[in-house]
A.B. asks: 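So that we are looking at the same thing, I have put the structure below in structure tokens.
One-based numbering along the sequence shown.
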Amino acid sequence: MMKTLIKPMATLVTLVGALAVSGPLVANESNDLDILVDKFQQGSYSSRGADGCMMCHRRDEGVADIFVSAHGKTDNGPMAGLQCEACHGPQGKHRGKNEPMLSFGKDSALTADMQNSVCLGCHQGTQAHWSYSLHKLEEVSCVSCHSIHTANDAVLDRSNQVAACTSCHLKQKGDINKRSSHPMTNEQMVYSPYINKASRYSSFKVYVIKLS
């Protein structure tokens with residue numbers, strides 16, 4: 001069976017490229033990014049993989065859930081190659097000296113583009129429209145909608161999509177609850193946030209796909 005191995009140099013190139021165009025960063029963020037880029041260049045990956053990470057992180061909420069997720073499969077994906085370090089970068093001196101690792105979410109030192117470049121290292125082929133989407137232009141990170149350390153990514157369940165999308169799209173939330181019968185509220189539509197249309201102001205309405 002062919003395994004999908006992560007290419008750390010590809011992640012390094014996208015990370016350095018994103019850093020070059022990311023604009024000014026506060027001092028501690030800049031220092032963390034310098035360390036991360038240096039770690040990638042050195043390729044300081046652990047020989048113990050996830051076993052080494054879990055020695056400290058097994059008690060952290062949600063961390064172990066990666067092993068019941070799609071990303072935790074050992075025959076294909078991150079766990080078939082560099083394991084935790086496929087997404088979070090080389091361990092280097094993180095253990096013992098607490099060197100920074102790649103992190104995701106609003107508290108990350110990385111910009112949304114930097115975070116997304118890690119995801120697109122594997123998902124570029126399946127999400128080819130992302131580069132032209134409004135969410136990309138608005139610097140929305142993948143983890144703003146998607147959950148990785150979980151058995152089921154909630155936003156992939158159609159019954160959760162209206163709540164997920166309207167947590168940001170507040171005007172549209174009000175519109176679909178007006179005195180009418182809208183197919184969104186009846187789970188008769190699915191959404192594609194990876195498609196961009198000409199008008200950014202109408203994009204939420206036009207990137208829905210009606211189910212027969």
Side-chain angles (χ1 to χ4, degrees), residues 3-23 25 28-46 49-50 52-54 57 60 62-74 76-95 98-150 153-156 193-194:
K3 294 182 178 181
T4 302
L5 299 180
I6 309 302
K7 298 179 180 179
M9 281 307 297
T11 303
L12 170 62
V13 170
T14 53
L15 185 65
V16 173
L19 176 58
V21 298
S22 63
L25 297 165
N28 63 323
E29 290 177 340
S30 179
N31 184 54
D32 283 356
L33 288 170
D34 288 341
I35 293 172
L36 289 169
V37 170
D38 186 56
K39 285 168 66 174
F40 270 104
Q41 291 173 331
Q42 293 180 26
S44 311
Y45 291 92
S46 167
C53 302
M54 295 306 292
H57 292 288
D60 293 352
V63 170
D65 291 340
I66 191 69
F67 298 109
V68 296
S69 74
H71 291 77
K73 295 179 179 178
T74 56
N76 192 31
M79 286 298 162
L82 296 170
Q83 300 191 345
C84 303
E85 292 167 282
C87 298
H88 294 285
Q91 184 182 104
K93 298 175 182 177
H94 175 67
R95 186 179 176 188
N98 204 31
E99 261 189 353
M101 302 289 288
L102 294 184
S103 61
F104 301 85
K106 62 182 181 180
D107 296 325
S108 174
L110 277 65
T111 65
D113 269 348
M114 293 178 191
Q115 296 178 47
N116 295 344
S117 71
V118 178
C119 305
L120 291 171
C122 290
H123 293 285
Q124 182 70 62
T126 57
Q127 302 301 347
H129 296 294
W130 172 257
S131 297
Y132 310 101
S133 71
L134 182 59
H135 286 83
K136 198 272 189 203
L137 295 175
E138 293 290 343
E139 298 183 359
V140 177
S141 68
C142 300
V143 298
S144 295
C145 302
H146 293 283
S147 300
I148 307 305
H149 283 252
T150 181
D153 185 1
V155 78
L156 298 182
Y194 311 107

A.B. asks: Who pairs with Asp153 by side chain to side chain contact (heavy atoms under 4.5 Å, CB included), at least two apart in sequence or on another chain?
C.D. replies: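 With sequence neighbours excluded, Asp153 shows a side chain to side chain contact (heavy atoms under 4.5 Å, CB included) to His146, Ser147, Val155, Leu156, given in chain and number order.
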
A.B. asks: Looking at Glu99 and Ile35, would you say the former's side chain and the latter's main chain have a donor-acceptor pair under 3.5 Å?
C.D. replies: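 Checking the backbone N and O of Ile35 against the side chain of Glu99, no donor-acceptor pair under 3.5 Å is found.
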
A.B. asks: Among all residues two or more places apart in sequence or in another chain, which pass the side chain to side chain contact (heavy atoms under 4.5 Å, CB included) test with Ser141?
C.D. replies: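 Here the qualifying residues are Ala112, Gln115, Asn116, Val143, Ser144.
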
A.B. asks: For the atom pair OG1 (Thr74) and CZ (Phe67), what is the distance rounded to the nearest 0.5 Å?
C.D. replies: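 That separation rounds to 10.5 Å.
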
A.B. asks: Quick one: does Ile148's side chain get under 4.5 Å of Phe104's, heavy atoms only?
C.D. replies: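 No, side chains not in contact.
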
A.B. asks: When rounded to the nearest 0.5 angstrom, what distance separates CD in Gln83 from OH in Tyr45?
C.D. replies: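 The distance works out to 13.0 Å.
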
A.B. asks: How close do Pro78 and Cys87 get, heavy atom to heavy atom, and via which atoms?
C.D. replies: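 Taking every non-hydrogen atom into account, CG-SG, 4.3 Å.
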
A.B. asks: Using side-chain heavy atoms (C-beta onward) and a distance below 4.5 Å, is Ser46 in contact with Glu85?
C.D. replies: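 The answer is yes; the side chains approach within 4.5 Å.
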
A.B. asks: Backbone N or O of Gln91 within a donor-acceptor pair of the Lys39 side chain at under 3.5 Å?
C.D. replies: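 Flag set: sc Lys39 to bb Gln91 pair under 3.5 Å.
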
A.B. asks: Can you list the residues that meet the side chain to side chain donor-acceptor pair (under 3.5 Å) rule with His149, with sequence neighbours excluded?
C.D. replies: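 Side chain to side chain donor-acceptor pair (under 3.5 Å) check on His149 returns nothing, list empty.
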
A.B. asks: How long is the span from the OG1 atom in Thr150 to the NE2 atom in His71, to the nearest 0.5 Å?
C.D. replies: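 Thr150 OG1 to His71 NE2: 12.0 Å, rounded to 0.5 Å.
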
A.B. asks: How long is the straight-line distance from CG of Asn31 back to CG of Leu36, given to the nearest 0.5 Å?
C.D. replies: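 Here the rounded value is 9.5 Å.
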
A.B. asks: Kindly indicate, with the supporting measurements, whether the criterion side-chain contact (heavy atoms from CB on, under 4.5 Å) is fulfilled by His135 and Trp130.
C.D. replies: CA-CA 8 Å; His135 286 83; Trp130 172 257; 3.6 Å; yes

A.B. asks: Has His88 got a side-chain atom pairing as donor or acceptor with Leu102's backbone, closer than 3.5 angstrom?
C.D. replies: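 Yes.
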
A.B. asks: Just how far is it from atom CE of Met79 to atom OG of Ser69, taken to the nearest 0.5 Å?
C.D. replies: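 The distance works out to 7.5 Å.
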
A.B. asks: Can you tell me how far the NE2 atom of His129 sits from the NZ atom of Lys136, to the nearest 0.5 Å?
C.D. replies: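 Answer rounded to 0.5 Å: 15.5 Å.
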
